[in-house]
Amino acid sequence: MIYNGVDFDTYFKNYPNNEGYFGKYGGVYISDELKSAMEEITDAYFTICKSSKFISELRKIRREFQGRPTPISYLERLSTSIGNVQLYVKREDLNHTGAHKLNHCMGEALLAKYMGKKKVIAETGAGQHGVALATAAAYFGLECDIYMGSVDIKKQAPNVARMKILGANVIVVTHGLATLKEAVDSAFEAYARDYKDCIYCIGSVVGPHPFPMMVRDFQSVVGIEAREQFLGMTGELPDAVVACVGGGSNAAGFFAGFLNDPVDIYGVEPLGRGPKLGDHAASLQYGTEGVMHGFNSVMLKDENGDPAPVYSVASGLDYPSSGPEHAFLRDIGRVKYDVIDDKDSIEAFYKLSRLEGIIPAIESSHAVAYGIKLAKEMKRGSVLINLSGRGDKDMDYILSLGENI
Ligand SMILES: *Cc1c(COP(=O)(O)O)cnc(C)c1O
């Protein structure tokens, strides 16, 4: 299928190109020393990941450790409550550790093992990526250093405990505002000192090339499974697919299964408290082109052109940029990006819990809310939503809001 001049039959071969660009977005904007580390990872990825030994080991891990394939569930009560549109969810909440993030962490850590690295390094904000990577490191017997701001450490005690139980070193970052941005800086500095023995594992389809490509490829198992399962269940493709977008990894992997099909694709960003800068994290909606964290994409900027403070009820979605592939797919119009605010996502959180017996992550609830909105607008057809994770981590917060829904 050719869409606005882009040939989706050969898309995955050509996007990104050899320099790591999706159109004008992506690339490698880091020091020369780190550039050579990225080249080493890119070369290893292109050789090791094509080997049948690597592929069969990853498949075995997905089946026997992660519990893949995760199912698709038909949401009968929710669909009926809206009208004639059939809603379905792809159950990444049932992937081991309760979210999609383990899909790319297992891939990255397996690559680290094949490259002979001893240690994996990453930053974490809310702690979800840190927990997934600590899980992968424990599985492969790799050391694991997770950089985390002291402010976030206080807020995310259960995830800090999980990382420690799994044997990871949680390294406290105290400079600046002591949140995600400072944790990224510290983790990159540590990586620059030690890149011969370790590998930096980025938590989404962001950062310098090859990470937006590699993380998408590891996550594409979600979209490939979902397409096959949906065809098996219904004999057709869904009319629309929906995923939430923070950095964009669950969406990129899910969309990958449907880009070459006549399927409408929607990415949902968090509108938080509203459209004022600082109240949301909708970079594809309100951002402008810019470079941060080693790549060129869309970005929410403050008056100095630096990454602006962002907000969402879903801490996994509050990132001031989005993966370069999403910026590209937005520009060519293949994916439509829209927003859902805190209130509607919390309402969807309760709906899915009470009508279907599935407690979704508050991040995923943004996609559920948008699926419900689409189902109201469409008169018939089907919508498949990627349920990126489970909501156990969000229950205390949701209850603290009091119940007024
Ligand atoms: C981290 C997280 C997200 C957001 O990350 P993406 O890279 O945009 O997918 C979404 N859902 C859950 C459950 C998460 O933990």
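Note that the coordinates shown come from a computational prediction; the quantities given were computed from them, not determined experimentally. Counting starts at 1 for both ligands and their atoms, following the listed order.
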- Message: List the residues meeting side chain to side chain donor-acceptor pair (under 3.5 Å) with K35, not counting sequence neighbours, and say none if there are none.
- Response: none
- Item | Pairs involving residues 305-331, ordered by first then second residue, that meet salt bridge (charged side-chain N to carboxylate O under 4.0 Å, His left out) (sequence neighbours left out) | R216-E325
- Message: Would you say CD of E289 has more than 12 non-hydrogen atoms from neighbouring residues, nucleotides or ligands within 6.0 angstrom?
- Response: yes
Measure from every N or O atom of ligand 1 to the protein's N or O atoms and keep only the pairs below 3.5 Å, writing each with atom names and distance to 0.1 Å.
unit_1: ligand 1; atom_1: 7 (O); unit_2: S204; atom_2: OG; d: 2.6
unit_1: ligand 1; atom_1: 7 (O); unit_2: G248; atom_2: N; d: 3.2
unit_1: ligand 1; atom_1: 7 (O); unit_2: S249; atom_2: N; d: 2.8
unit_1: ligand 1; atom_1: 7 (O); unit_2: S249; atom_2: OG; d: 2.7
unit_1: ligand 1; atom_1: 8 (O); unit_2: G246; atom_2: N; d: 2.7
unit_1: ligand 1; atom_1: 8 (O); unit_2: G247; atom_2: N; d: 3.2
unit_1: ligand 1; atom_1: 8 (O); unit_2: G248; atom_2: N; d: 2.7
unit_1: ligand 1; atom_1: 9 (O); unit_2: H100; atom_2: NE2; d: 3.1
unit_1: ligand 1; atom_1: 9 (O); unit_2: S249; atom_2: N; d: 3.3
unit_1: ligand 1; atom_1: 9 (O); unit_2: S249; atom_2: OG; d: 3.2
unit_1: ligand 1; atom_1: 9 (O); unit_2: N250; atom_2: N; d: 2.8
unit_1: ligand 1; atom_1: 9 (O); unit_2: N250; atom_2: ND2; d: 2.8
unit_1: ligand 1; atom_1: 11 (N); unit_2: S388; atom_2: OG; d: 2.7
unit_1: ligand 1; atom_1: 15 (O); unit_2: K101; atom_2: NZ; d: 2.6

- Note on the structure: Sorted by chain and number, sequence neighbours left out, side chain to side chain donor-acceptor pair (under 3.5 Å) with T10 holds for N14
- Query: Between S283 and S321, do the side chains contain an N or O donor and an N or O acceptor separated by less than 3.5 Å?
  - Reply: no
- Message: In terms of relative ring orientation, are Y266 and Y370 parallel, tilted or perpendicular, with 30° and 60° separating the classes?
- Response: tilted
